[in-house]
Amino acid sequence: MYYEIEIILIFVLGLIVGSFSNVCIYRIPRNESIIYPASHCPKCLSKIKPVDNIPLLSFILLRGRCRNCKTKISIQYPMVELLCGLIYLIIYLIFGLSVQTLVYIILSSALIIIAFIDLNEQIVPDVISLPGIVIGFILSFFVSYISFINSALGVVVGGGIILIIGLGGSVIFKKEAMGGGDVKLAAMIGAFLGWRYIIISLFLGFLFGALAGIFLIMAKIKKREDVIPFGPFIVLGSFITLLWGEQIISWYIGF
Ligand SMILES: [Zn+2]
């Protein structure tokens with residue numbers, strides 16, 4: 001049974017972590033500290049008061065503008081907060097109050113930060129993916145739902161698939177199709193989810209990436225030669241897999 005109070009608390013926790021994730025998304029690619037200084041408006045540099053820093057609510061109350069200089073605040077801020085709150089909630093509803101839920105919400109937060117940094121800056125930050133590989137592997141010794149062998153295989157299979165496709169792509173298309181950042185990202189997800197799940201995650205990632213690419217080119221938003229970051233699609237694929245991987249596997253076996 002789920003208790004209403006737990007549902008509310010886990011959602012609010014997601015919103016708060018989402019708010020902190022926004023700081024990471026903005027500062028990590030700029031090599032700034034994520035602790036200090038306190039949040040400020042990027043335009044007028046005025047400090048954001050705690051009352052204006054409430055996830056979701058402040059954005060609505062301020063109508064998406066800085067209280068001081070009225071500069072528009074990016075819609076990305078409330079989006080990241082809401083996304084984080086929702087993913088925490090769904091993970092809790094599926095896995096209950098468990099170690100697996102705790103590990104998965106940590107992984108999800110890291111993946112959301114990586115996805116938005118990749119969307120904004122076209123880089124997958126090593127400062128998250130490299131420690132992520134190590135943390136995912138170490139955790140596999142202490143949890144019951146994934147063995148350390150499966151975790152190690154996940155690193156090799158995840159990183160290996162992207163590496164091979166990346167090398168193949170650069171030979172065929174004579175340009176870098178996938179960067180080293182994507183290799184480390186896939187290895188990190190593999191460390192947390194194991195070899196089966198990383199294969200499903202990457203398959204879904206390629207599928208979504210291809211569909212999005214076709215749509216963006218047909219809608220003339222992007223040109224064929226434009227680079228579309230692949231990280232967000234790997235992250236989307238891995239979210240679906242970590243939530244519904246078992247259903248996908250049993251559907252595929254029955255098929
Ligand atoms: Zn301002």
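Predicted, not measured: the structure shown is a model, and the values here were computed from it.
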**Asked** side-chain contact (heavy atoms from CB on, under 4.5 Å) between L193 and L107: does it pass, once the steps are laid out?
**Response** CA-CA 10 Å; L193 301 183; L107 172 65; 4.1 Å; yes
Return the minimal non-hydrogen interatomic distance between [X] and [Y], and the atom names on each side.
X	Y	value
S151	G136	OG-O, 3.8 Å
P125	I28	CB-CG2, 3.9 Å
I105	L102	CG1-O, 3.2 Å
E81	G18	CG-C, 3.8 Å
A186	G158	CB-O, 3.4 Å

Indicate, with yes or no, if [Y] and [X] share a hydrophobic cluster defined by side-chain heavy-atom contacts under 4.5 Å among Ile, Leu, Val, Met, Phe, Trp and Tyr.
X	Y	result
I214	F230	no
V155	W195	yes
V235	F20	yes
I199	W244	yes
L211	L119	no

Crowding at [atom1], [X] (>12 non-hydrogen neighbours, <6.0 Å):
X	atom1	value
R63	CZ	no
R196	CZ	no
Y145	OH	yes
F142	CZ	no
F206	CZ	yes

Distance, nearest 0.5 Å, that separates [atom1] of [X] from [atom2] of [Y]:
X	Y	atom1	atom2	result
M79	I112	CE	CD1	10.5 Å
L62	D52	CG	CG	4.5 Å
I161	I164	CD1	CD1	8.0 Å
S108	L86	OG	CG	12.0 Å
K47	H40	NZ	NE2	11.5 Å
S21	I34	OG	CD1	9.5 Å

Within the structure provided, determine whether [X] and [Y] are in side-chain contact (heavy-atom separation under 4.5 Å).
X	Y	value
S39	N53	yes
R65	T71	no
K184	V124	no
N120	I25	yes
I198	L153	no
I91	L242	yes
L202	I189	no
F239	I234	no

Distance flag, aromatic centroids of [Y] and [X], threshold under 6.0 Å:
X	Y	result
F192	Y197	no
Y104	F95	yes
F233	F208	no

**Message:** Clusters formed by hydrophobic residues whose side-chain heavy atoms approach within less than 4.5 Å: which one holds V12, and what are its other members?
**Reply:** I8, I16
Exam field: side chain [X] to backbone [Y], donor-acceptor pair closer than 3.5 Å:
X	Y	answer
S58	P55	no
D118	G231	yes
R27	S33	yes
E121	P29	no
S46	N68	no
K223	K220	no

If we count only N and O atoms by modelled type, under 3.5 Å, do the side chains of [X] and [Y] hold a donor and an acceptor together?
X	Y	value
Q76	Y26	no
T241	S238	no
S19	Y77	no

**Message:** Pair I94, L243 - check side-chain contact (heavy atoms from CB on, under 4.5 Å), show working.
**Reply:** CA-CA 7 Å; I94 293 177; L243 294 173; 3.9 Å; yes
**Request:** Please assess R67 against I48 for the test side-chain contact (heavy atoms from CB on, under 4.5 Å), listing each intermediate value before the final yes or no.
**Result:** CA-CA 8 Å; R67 183 183 288 281; I48 296 170; over 6 Å; no
**Message:** For I135 and L139: C-alpha separation, side-chain torsions, deciding distance, then whether side-chain contact (heavy atoms from CB on, under 4.5 Å) applies.
**Reply:** CA-CA 6 Å; I135 292 167; L139 280 174; 3.9 Å; yes
**Request:** Check the angle between the aromatic planes of F148 and F141 and answer parallel, tilted or perpendicular using the 30° and 60° thresholds.
**Result:** parallel
**Item:** Contacts of type side chain to side chain contact (heavy atoms under 4.5 Å, CB included), residue L89, not counting sequence neighbours
**Value:** I7, I10, F11, L93
